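Here is the structure we will look at.
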Amino acid sequence: MDYIKILKEIQSEISSLYTKGEVASYIPALKDVKADDFAMSLTLMDGSYYSVGSDDLKFSIQSISKIFSFTLALETYSKKIYKRLGVEPSGDPYNSLAQLEYENGIPRNPFINAGAIVVMDALISNFKDTDITFNEILSFIKKLSDNKNISYDQIIAESEIHSGYRNLALASLMKSFGNLSHDPRTVLETYFKMCAIKMTTKELSRSVLYLANDGFDPISGFKATSEQRAKRINALMITCGHYDASGEFAFNVGLPGKSGVGGGIVAVVPDKMGICVYSPKLNKQGNSLIGTKALELFTTKTGLSIF
Ligand code: GLN
């Protein structure tokens with residue numbers, strides 16, 4: 001398949017959409033991006049790589065990081081983690097409080113904010129220290145992307161520490177129900193740092209290859225997780241990876257995917273490739289508007305959807 005030709009077609013077909021959507025501004029420092037930047041990268045199982053646009057631009061991965069922290073939590077806690085969070089789509093926005101109240105502080109899934117905050121709390125309990133926990137997550141991502149040059153953006157992390165009251169409410173509510181071991185602010189500082197990790201589309205498309213390959217990286221051989229857990233993570237990406245737009249994403253794109261409010265989306269084509277697309281303007285549900293469309297065009301043109 002001529003992937004470069006397909007990517008170039010996509011790049012030109014999405015250009016009429018640049019006027020649509022809004023860059024996330026509820027985390028003030030996230031606004032400081034070029035609204036019309038675009039990049040799309042594919043990494044295949046043999047390491048061959050195709051891309052268009054600003055594929056060397058490091059952007060804020062935000063909730064895409066939840067895949068990596070959840071994988072680590074599964075490695076650490078196995079099924080026990082499901083005592084503290086569910087595996088059902090929420091049908092609600094990623095930062096919704098209402099459902100968490102009537103479901104007694106147990107988040108619906110690991111990919112909404114409340115779920116990822118619980119995952120972070122569990123990782124801090126395991127690693128005993130917030131800096132060690134953050135470094136474990138970062139070095140896991142470095143191994144998955146086979147790249148040591150990955151770090152976080154302190155300005156974005158601090159911007160979210162100063163503005164993240166809704167996340168503080170979620171964490172405090174869970175604490176009141178006994179589903180958080182540490183102080184809400186302590187957990188959130190590490191969670192915000194994780195969300196502020198910066199990566200390129202190239203690095204991210206490489207980092208999710210383990211999910212296309214039964215849990216281990218086909219190039220380096222690094223075993224990130226078991227086949228069964230990789231299956232579960234992919235299932236959760238399909239059903240919960242785009243919050244209250246997960247059904248729509250499955251309907252239009254048909255791949256396991258995970259978005260972040262920084263404008264990135266990763267997607268997995270089982271046994272074939274990892275994909276990442278970046279475009280910072282978001283739709284109403286907080287997912288990259290052009291990124292979603294680009295992935296839809298990709299599966300339509302290539303027939304590479306799981307359905
Ligand atoms: N850091 C963001 C938040 O917690 C992540 C949300 C997202 O990317 N959907 O609000």
Side-chain angles (χ1 to χ4, degrees), residues 21-33 58-70 85 89-97 99-100 107-121 123 134 137-138 141 152-174 180 184-199 201 204 208 236-237 239-246 248-249 257-267 276-289 291-292:
E22 296 290 336
V23 170
S25 57
Y26 76 98
I27 303 169
L30 271 188
K31 287 200 303 286
D32 301 332
V33 289
K58 299 235 185 211
F59 62 89
S60 191
I61 72 171
Q62 293 297 320
S63 287
I64 295 173
S65 63
K66 293 172 183 169
I67 303 173
F68 307 124
S69 57
F70 181 56
L85 48 86
S90 66
D92 272 334
Y94 56 85
N95 54 8
S96 168
L97 279 150
Q99 198 170 54
L100 197 59
R108 275 281 173 108
N109 67 67
F111 293 154
I112 50 173
N113 286 8
I117 293 166
V118 162
V119 162
M120 184 58 81
D121 184 62
L123 288 175
F134 177 72
I137 295 168
L138 193 62
I141 295 176
Y152 80 104
D153 186 323
Q154 207 175 337
I155 294 175
I156 292 182
E158 272 166 22
S159 178
E160 194 163 12
I161 289 175
H162 294 124
S163 60
Y165 292 109
R166 183 166 273 271
N167 283 321
L168 187 58
L170 288 168
S172 304
L173 189 57
M174 291 192 289
L180 209 71
R185 286 181 200 272
T186 307
V187 181
L188 285 178
E189 278 185 22
T190 317
Y191 165 81
F192 294 148
K193 261 169 88 172
M194 175 183 81
C195 290
I197 290 172
K198 289 188 303 184
M199 292 172 77
T201 52
L204 276 166
V208 294
L236 286 168
M237 285 165 73
T239 53
C240 314
H242 284 73
Y243 318 113
D244 42 342
S246 297
E248 220 175 294
F249 187 84
K258 182 76 205 81
S259 68
V261 289
I265 303 180
V266 293
C276 181
V277 58
Y278 170 70
S279 170
K281 285 177 140 186
L282 309 179
N283 61 21
K284 281 198 199 72
Q285 293 95 349
N287 305 312
S288 171
L289 189 146
T292 308

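Here the structure is a predicted model, which is why all the values come from computation and not from measurement. Just so you know, ligand 1 is whichever comes first in the structure, and atom 1 is the first atom listed for that ligand.
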Shortest non-hydrogen separation from Ser279 to Ser288 and the atoms involved: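 Nearest pair, atom of Ser279 first, then Ser288: O-OG, 2.7 Å.
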
Any non-hydrogen side-chain atom of Cys195 less than 4.5 Å from a side-chain atom of Glu160?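 The answer is yes; the side chains approach within 4.5 Å.
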
Could you state the interatomic distance from CG (Leu282) to OG1 (Thr292), rounded to the nearest 0.5 Å?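 Leu282 atom CG to Thr292 atom OG1 measures 9.0 Å (nearest 0.5 Å).
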
To the nearest 0.5 Å, tell me how far Tyr243 OH sits from Glu248 CD.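 Reported value, rounded in 0.5 Å steps: 15.0 Å.
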
Could you list the atoms of ligand 1 found under 4.0 angstrom from a heavy atom of [X]?
| X | result |
| --- | --- |
| Tyr191 | 3 (C), 4 (O), 5 (C) |
| Gln62 | 1 (N), 2 (C), 5 (C), 8 (O) |
| Gly260 | 8 (O) |
| Tyr243 | 7 (C), 9 (N) |
| Cys195 | 1 (N) |

For atom 10 (O) of ligand 1, what's the nearest protein heavy-atom neighbour? Residue, atom name and distance, please.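 That would be Tyr26 OH, 2.5 Å.
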
What part of [X], side chain, backbone, both or neither, has a heavy atom within less than 4.0 angstrom of ligand 1?
| X | answer |
| --- | --- |
| Glu160 | side chain |
| Ser63 | both |
| Val261 | both |
| Asn167 | side chain |

According to the interplanar angle, ranging from 0 to 90°, do the rings of Phe59 and Tyr278 count as parallel (below 30°), tilted (30 to 60°) or perpendicular (above 60°)?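 Because their plane-to-plane angle is under 30°, the rings of Phe59 and Tyr278 count as parallel.
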
Quiz question: by atom type and distance under 3.5 Å, do the side chains of Asn113 and Asn167 form a donor-acceptor pair?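 A donor-acceptor contact under 3.5 Å links the two side chains.
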
Could you point out which residue of Ile197, Leu138, Ile141 forms a side chain to side chain contact (heavy atoms under 4.5 Å, CB included) with Phe68?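 Of all the options given, the one that passes is Ile141.
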
Can you confirm, on distance only, whether ligand 1 has an N/O atom lying under 3.5 Å from any N/O atom belonging to Asn113?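 Min N/O separation from ligand 1 is below 3.5 Å for Asn113.
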
Non-hydrogen atoms of Phe192 versus ligand 1: any pair closer than 4.0 Å?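 For ligand 1, residue contact (heavy atoms, under 4.0 Å) with Phe192 is absent.
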
Does atom CD1 of Ile155 have more than 12 heavy-atom neighbours, drawn from other residues, nucleotides or ligands, at distances under 6.0 Å?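 No.
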
